[in-house]
Amino acid sequence: MPAKIHISVNGEFCDKEGNVIQLRGVNLDPSIKIPAKPFLSTHTPIVDDKFFEDADKVSFINHPLILEDVEEHIIRLKSLGYNTIRLPFTWESLEHAGPGQYDYDYMDYIVEVLTRINSVEQGMYVYLDPHQDVWSRFSGGSGAPLWTLYCAGFQPANFQATDAAILHNYYIDPKTGREIGKDEESYPKMVWPTNYFKLACQTMFTLFFGGKQFAPKCIINGENIQDYMQGKFSDAIMTLYARIKDKAPELFDNNCIIGLESVNEPNCGYMGEANLDVVPKERDLKLGRTPTAFQSFMLGEGIKCTVEQYKRTFFGFTKGKPCTVNPGGKKAWLNAQERDTIDAKYNWERNPEWEPETCIWKLHGVWENNQTRGPVLLKPNYFGQVNETVFINNHFVEYYTGIYNKFRAVDKESFIFLQPPVMKLPPNLQNSKLLDDRTVCACHFYDGMTLMYKTWNKRIGIDTYGLVNKKYSNPAFAVVLGENNIRKCIRKQLAEMQKDAKSALGEKVPVFFTEIGIPFDMDDKKAYTTNDYSSQIGALDALGFALEGNNLSYTLWCYCSINSHEWGDNWNNEDFSIWSPDDKLLYRENRSKTPTRAPSPTSTTDSVSTSKSKSSSSSQPPSFIQLESKLDLDSPSCSLETDLSGYRALDAIMRPFPIKIHGTFEFAEFNLHNRTYVLKLVGKTGTTTVPTHIFLPRHHFALEHLSIRSSSDHYTYNADYQVLEWFHEPGHQYIEIRLKSKYRCSTPGSDGSNDLPAECVIS
Ligand SMILES: CC(C)CCC[C@@H](C)[C@H]1CC[C@H]2[C@@H]3CC=C4C[C@@H](O[C@@H]5O[C@H](CO)[C@@H](O)[C@H](O)[C@H]5O)CC[C@]4(C)[C@H]3CC[C@]12C
């Protein structure tokens, strides 16, 4: 069983002896965002009201994985040296039938998934993520059950007509099952996050975090909607967690489950909007129809509006032609009859002041529909009293306090992963009781350029973190030129995020990148026909370079077992999966087209084999490396051979890294182009018999062609686990591992050298 993870005084993950360890893995898997039965991806067209009417009858069992397939996927992940899984799940999957009506079958299925993960050789570390994107499936993302929107008085069936949300499902032709529309009418790339600025999502987050302050009239069953929803949400999460503890305590005893994240990507809703009558200049993301908040309120009440529209161009988001949205008599709010039916179904009693079919922001005097003057915005600064910092340090902390207390009541040992809003500073909690010595700061990083343009631009990059945090007086100063500078800029951003998190939470809190990744459908999906993944390799290698340079633990977004080239991760056209069944086919097709090519050094068998790998132990190591069959590894590791086909941009995903450092980290860099890995550390004083463990994948480093330079020459290599044990002295130490130059093959797109195919073999 893997060893228990501790936290060092410097806020690093370490073993009980204080050796620094690194956690690496993936988010498994985004299919949890959508129901499995019936299978309702975001490319399932909405043809009638059944989508809404039957939302309480769905089941998420089989998402993330079909039980029988768990072992195969976990072995595949372990073959990358991965030791950690972020397991997202949604509130909807637990409580879709109605408040307090839990889907215990789904919870038991999750217990079984975890048990199977744990049963694969030495298991994996797993932490749980209550996931959401733009509130829920019904407001364009994933997460909350439909009844939460009813609870706020919304009629989600009218979100499309009132532009209260943009849903991929409405862009699918029910006859062909394909996407409809051309150019302006089609579903733009990465448009879903714009829902954060639309009526449905923005209202839900305002209510969830700030209902008591901003919507005091929204009282349901005697409680303000904020307390009602937070209570239901945290109860659902903790019911699942307690059930896992109850049904499978060994998952905790065996150090499989390491913790729980607070909530994925919390958002401030309207809080901080200083003028509801304008689209804030400082908003970084403007794409497609972009109503002001006030226009959203009016549209929600069925009032026709002409709204700004933005397009993605070479220069960022530029204003296009305005567009008129006519709700055609529909409102985003439940009418009296609909609401009575809903309230009876869920046993809700509302404050009598809470009128049906009325925008709750009108109800709270933010605007009025004056009989003579028409709609008038009365309090443009209604939400402006709270800025981002106030939101994070008060409203978010209030939520965090609730989940923290409930979590610690059942689990004193595991980590709690505190996740602030994306790319924002965490709350200042130093000296607060909320900060215990098992707290981790969860950060997310996405490179704005790569994400929004779906290409790896080697010439122009943007300091995304700096831009989002308004560190530049002019956005033009956030521009970086040239691939090397772009890579260094990403590395600097991660370092800054880590530094900022530690200055808010204290040096002792480790920083973990719980999400980081790239879209694979780059360059209009060119790679899916050419098998040339050089753009993806370039982008991923830049992230790898940035992460390992800072010795950061991370879980990539994502691994999707049902990914396809056509629909990506089956959600909003996203395609972030590092593995795809369609790439397995692509790989086979390519191999059959090039029969003369020698097999790859990474043996790709067609099925999972449970026997120990013999392939590379037979290769002759250089004399200075001793082959070792026994290995004392206390991290989840794997000696099982597996099929690596289906991995995309494998050259950049498969990376050497220090699994355990006998000392403290100083520097690491993997140069994919030169197939060189350098690690510098400060060795612990005292023992020299405890080695540093380096995952050294044979995919890059064929044992027989290695050359190693180091400050102390004593190594053993375990071929089954692909682990180099490096015994070194105390103090400053270095190791440089390289493939002898004549055996190197360059990777297209890495460092500009394009002379040899990525998968070349030198015999
Ligand atoms: C020159 C460029 C055009 C400048 C771009 C500036 C901004 C538009 C971007 C800067 C920061 C971006 C946001 C960063 C993080 C985000 C979170 C992300 O959600 C998670 O990502 C996964 C992949 O998308 C998703 O599947 C998970 O479920 C989520 O947990 C979604 C995008 C975004 C909000 C991103 C949007 C664009 C920027 C604001």
Side-chain angles (χ1 to χ4, degrees), residues 27-40 54-71 73-74 85-120 123-132 136-137 142-148 229-264 346 402-403 406-411 413-417 561:
N27 278 265
L28 181 83
D29 115 352
S31 66
I32 57 88
K33 296 180 181 187
I34 54 170
K37 207 171 163 200
F39 182 80
L40 290 172
D54 292 347
D56 52 356
K57 299 183 196 74
V58 293
S59 166
F60 286 72
I61 293 175
N62 288 339
H63 291 173
L65 294 173
I66 294 171
L67 286 177
E68 293 69 42
D69 295 349
V70 170
E71 187 187 15
H73 293 297
I74 296 300
I85 300 283
R86 182 184 193 229
L87 194 81
F89 64 94
T90 62
W91 184 3
E92 187 190 5
S93 66
L94 307 179
E95 206 178 0
H96 46 81
Q101 297 177 46
Y102 297 132
D103 187 338
Y104 291 109
D105 290 342
Y106 183 70
M107 294 188 191
D108 292 345
Y109 154 81
I110 290 289
V111 174
E112 187 56 31
V113 170
L114 288 163
T115 304
R116 289 181 185 230
I117 292 176
N118 188 42
S119 72
V120 181
M124 278 278 208
Y125 295 125
V126 181
Y127 64 101
L128 302 170
D129 149 44
H131 202 83
Q132 74 77 34
S136 86
R137 276 197 299 134
S142 74
L146 179 63
W147 59 260
T148 58
M229 285 200 292
Q230 286 195 13
K232 291 280 175 281
F233 180 51
S234 51
D235 282 351
I237 297 170
M238 290 319 302
T239 303
L240 168 67
Y241 200 84
R243 199 167 175 94
I244 303 171
K245 279 211 112 181
D246 184 43
K247 297 224 157 184
E250 67 282 1
L251 295 174
F252 295 83
D253 303 338
N254 294 348
N255 303 319
C256 171
I257 295 182
I258 58 168
L260 174 74
E261 210 159 324
S262 42
V263 59
N264 188 59
Y346 296 124
I403 193 85
K406 285 187 182 173
F407 178 64
R408 281 290 174 240
V410 295
D411 192 334
E413 277 296 300
S414 303
F415 296 126
I416 180 149
F417 291 72
S561 70

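Note that these values count all heavy atoms, side chains included, but never hydrogens, waters or copies made by symmetry.
L67 CG to N62 CG: the interatomic distance, rounded to the nearest 0.5 Å, is 6.5 Å. For the atom pair I74 CD1 and D69 CG, the distance stands at 11.0 Å (nearest 0.5 Å). The CE atom of M238 sits 6.5 Å away from the CD1 atom of I403 when rounded to the nearest 0.5 Å. For the atom pair I244 CD1 and E112 CD, the distance stands at 12.5 Å (nearest 0.5 Å). Note that the OH atom of Y102 and the CG atom of L240 stand 10.5 Å from one another [nearest 0.5 Å]. C256 contributes atom SG, which lies 9.5 Å from atom CD1 of I85 (distance to the nearest 0.5 angstrom).
Two residues are said to be in side-chain contact when any heavy atoms from C-beta on lie closer than 4.5 Å; V126 and L28 fail this criterion. The closest side-chain heavy-atom distance from P130 to L260 is below 4.5 Å. Contact of the K33 side chain with the R137 side chain is not registered, since no non-hydrogen atoms from C-beta on lie closer than 4.5 Å. Between D103 and H96 there is a side-chain heavy-atom pair separated by less than 4.5 Å. Side-chain contact between F417 and S262 is absent, with no heavy atoms from C-beta onward closer than 4.5 Å. By the 4.5 Å heavy-atom criterion applied to side chains, I257 and Y241 are counted as neighbours. Side-chain contact between I416 and E261: absent, with no pair of heavy atoms (C-beta onward) separated by less than 4.5 Å. At a threshold of 4.5 Å between non-hydrogen side-chain atoms, the residues E413 and F252 do not count as touching.
No donor-acceptor pair under 3.5 Å is formed between the side chain of N27 and the backbone N or O of D29. For the pair T115 (side chain) and V111 (backbone), a donor-acceptor distance under 3.5 Å is present. Proximity of a side-chain donor or acceptor of Y109 to a complementary backbone N or O of H63 within less than 3.5 Å is detected. A side-chain donor-acceptor contact under 3.5 Å links K245 to the backbone of V410. Judged by distance alone, with hydrogens and angles left aside, the side-chain atoms of T239 form a donor-acceptor pair with the main-chain N or O of D235 at under 3.5 Å. With hydrogens and angles ignored, the 3.5 Å screen pairs no side-chain donor or acceptor of R116 with any backbone N or O of S119. The closest donor-acceptor contact from the side chain of W147 to the backbone of D56 lies at 3.5 Å or more, if one exists at all.
Contact check on K232 versus E95 returns no salt bridge, with no Lys/Arg side-chain nitrogen under 4.0 Å from an Asp/Glu carboxylate oxygen. The residues R243 and D246 are annotated as not salt-bridged, no charged nitrogen and carboxylate oxygen being separated by less than 4.0 angstrom.
Taking all atoms of both residues into account, the shortest heavy-atom contact from I32 to T90 is O-CG2, 3.6 Å. Taking each heavy atom of V70 and V113 in turn, the nearest pair found is CG1-O, 4.1 Å. The minimum heavy-atom distance between I61 and Y106, with the atom names listed, is N-CD1, 3.5 Å. Shortest non-hydrogen contact noted between I258 and S414 is O-CB, 3.5 Å. P64 approaches S31 most closely through the heavy-atom pair O-OG, 3.3 Å. Between S142 and H131, the shortest heavy-atom distance links the atoms OG-CD2, 4.0 Å.
Ring orientation note: the planes of W91 and F233 are tilted relative to one another, at an angle of 30° to 60°.
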Working for side-chain contact (heavy atoms from CB on, under 4.5 Å), residues R86 and N264: CA-CA 11 Å; R86 182 184 193 229; N264 188 59; 3.0 Å; yes
Step-by-step side-chain contact (heavy atoms from CB on, under 4.5 Å) determination, V58 to K37: CA-CA 6 Å; V58 293; K37 207 171 163 200; over 6 Å; no
side-chain hydrogen bond (donor to acceptor under 3.5 Å, both in side chains) evaluation trace for Y125 with N255: CA-CA 7 Å; Y125 295 125; N255 303 319; over 6 Å; no
Audit row: N118, M124, side-chain contact (heavy atoms from CB on, under 4.5 Å) steps and yes/no: CA-CA 6 Å; N118 188 42; M124 278 278 208; over 6 Å; no
Stepwise side-chain contact (heavy atoms from CB on, under 4.5 Å) check, V263 with I237: CA-CA 10 Å; V263 59; I237 297 170; over 6 Å; no
